[in-house]
Colleague: 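Input: one structure, supplied below.
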Amino acid sequence: MNIVILAAGMGKRMHSRLPKVLQPLAGRPMLDHVLDATAGFGNSPRVVVVGHCADVVRARYADRSDLVFALQMPQLGTGHALKTACPALNAADPHTFVCLGDVPLLSKKTIAAMREEC
């Protein structure tokens, strides 16, 4: 299963200089929680779509070999973000799970249940 994590948003409502997905929750960036939840579900590296402050997000996860980054520039919406990720997907795998990098309460149990429905 391909996994795409949309993490390009600006987070205007956060009123912070940090990118939205790096906002802390329980002492860790929101994106960390999503990465934990999605770990182990695919054979290919997870694709993280970055945009706003892309260099800051990439730098935070630079040591992760289980991630590849797709740059969405300019940012033209959610559909465009997913389209940006397409070249990095494993075309041989017909299933792609798309989630948001700012949804830290996503659980492995939910992902497993969705995978079973495919």
Colleague: What closest approach, in Å, do A37 and I111 show between heavy atoms, and which atom pair accounts for it?
Modeller: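 Heavy-atom minimum between the residues: O-CD1, 3.3 Å.
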Colleague: Nearest 0.5 Å please: distance from the CG atom of L71 over to the CZ atom of R58.
Modeller: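 Here the rounded value is 5.0 Å.
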Colleague: Given side-chain hydrogen bond (donor to acceptor under 3.5 Å, both in side chains), test H80 with Q72 step by step and report yes or no.
Modeller: CA-CA 8 Å; H80 180 258; Q72 182 193 17; 3.0 Å; yes
Colleague: Roughly how far apart are D102 CG and I5 CD1, rounded to 0.5 Å?
Modeller: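 So the gap between those two atoms works out to 11.5 Å.
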Colleague: Enumerate the side-chain hydrogen bond (donor to acceptor under 3.5 Å, both in side chains) contacts for residues 26-41, please, sequence neighbours excluded, ordered by first and then second residue.
Modeller: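 The answer is R28-D36, D32-R60, D32-Y61, T38-R46.
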Colleague: With sequence neighbours excluded, what pairs up with V56 under the side chain to side chain contact (heavy atoms under 4.5 Å, CB included) test?
Modeller: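 For V56 the side chain to side chain contact (heavy atoms under 4.5 Å, CB included) partners, ignoring immediate neighbours, are P19, L22, C53.
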Colleague: Holding to side-chain hydrogen bond (donor to acceptor under 3.5 Å, both in side chains), I want the full list of residues that pass it with R64, two or more places apart in sequence or in another chain.
Modeller: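 R64: side-chain hydrogen bond (donor to acceptor under 3.5 Å, both in side chains) contacts with D66.
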Colleague: When rounded to the nearest 0.5 angstrom, what distance separates OG in S44 from CG in D93?
Modeller: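 Nearest 0.5 Å value for the OG-CG distance: 6.5 Å.
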Colleague: F69 and M73: same hydrophobic cluster, using ILVMFWY side-chain contacts below 4.5 Å?
Modeller: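 Per the 4.5 Å side-chain linkage, F69 and M73 are co-clustered.
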Colleague: List the atom of T84, the atom of A70, and the distance in Å for their closest heavy-atom pair.
Modeller: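 Residues T84 and A70, closest heavy atoms: O-CB, 3.7 Å.
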Colleague: Show your working on side chain to side chain contact (heavy atoms under 4.5 Å, CB included) between V4 and T96 and close with a plain yes or no.
Modeller: CA-CA 7 Å; V4 176; T96 300; 3.9 Å; yes
Colleague: Partners of H95 by side-chain hydrogen bond (donor to acceptor under 3.5 Å, both in side chains), sequence neighbours excluded?
Modeller: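 side-chain hydrogen bond (donor to acceptor under 3.5 Å, both in side chains) check on H95 returns nothing, list empty.
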Colleague: At their closest point, which heavy atom of V50 faces which heavy atom of A8, and how far apart are they?
Modeller: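 Smallest heavy-atom distance, with atoms named: C-CB, 3.6 Å.
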Colleague: Go through the structure and list residues passing side chain to side chain contact (heavy atoms under 4.5 Å, CB included) with T78, not counting sequence neighbours.
Modeller: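 Side chain to side chain contact (heavy atoms under 4.5 Å, CB included) list for T78, sorted by chain: L6.
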Colleague: Rounded to the nearest 0.5 Å, what separates atom CG in L18 from atom CD in Q23?
Modeller: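 Going from CG on L18 over to CD on Q23, the span is 5.0 Å.
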Colleague: Assess whether side chain to side chain contact (heavy atoms under 4.5 Å, CB included) is satisfied between N2 and V47, documenting all intermediate values.
Modeller: CA-CA 8 Å; N2 289 297; V47 181; over 6 Å; no
Colleague: Quick one: CG on L67 to CG on L31, what's the gap to the nearest 0.5 Å?
Modeller: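 Nearest 0.5 Å value for the CG-CG distance: 8.0 Å.
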Colleague: What heavy-atom pair brings V49 and A81 nearest, and what distance separates the two atoms?
Modeller: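 Closest approach of V49 to A81: CG2-O, 3.6 Å.
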Colleague: Is there a donor-acceptor contact under 3.5 Å from the side chain of K108 to the main chain of A39?
Modeller: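 Here the side-chain-to-backbone pair exists.
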Colleague: Could you list the residues that satisfy side chain to side chain contact (heavy atoms under 4.5 Å, CB included) with M114, not counting sequence neighbours?
Modeller: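 With sequence neighbours excluded, M114 shows a side chain to side chain contact (heavy atoms under 4.5 Å, CB included) to F97, T110, given in chain and number order.
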Colleague: Let me confirm one number: the NZ-CE distance from K20 to M30, rounded to the nearest 0.5 Å.
Modeller: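 K20 NZ to M30 CE: 7.5 Å, rounded to 0.5 Å.
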Colleague: Looking at every heavy atom in both A88 and V68, which two are closest together, and how far apart are they?
Modeller: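 Nearest pair, atom of A88 first, then V68: CB-CG2, 4.1 Å.
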Colleague: Taking side chain to side chain contact (heavy atoms under 4.5 Å, CB included) as the definition, give me every residue that meets it alongside K83, ordered by chain and number, with sequence neighbours left out.
Modeller: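 None.
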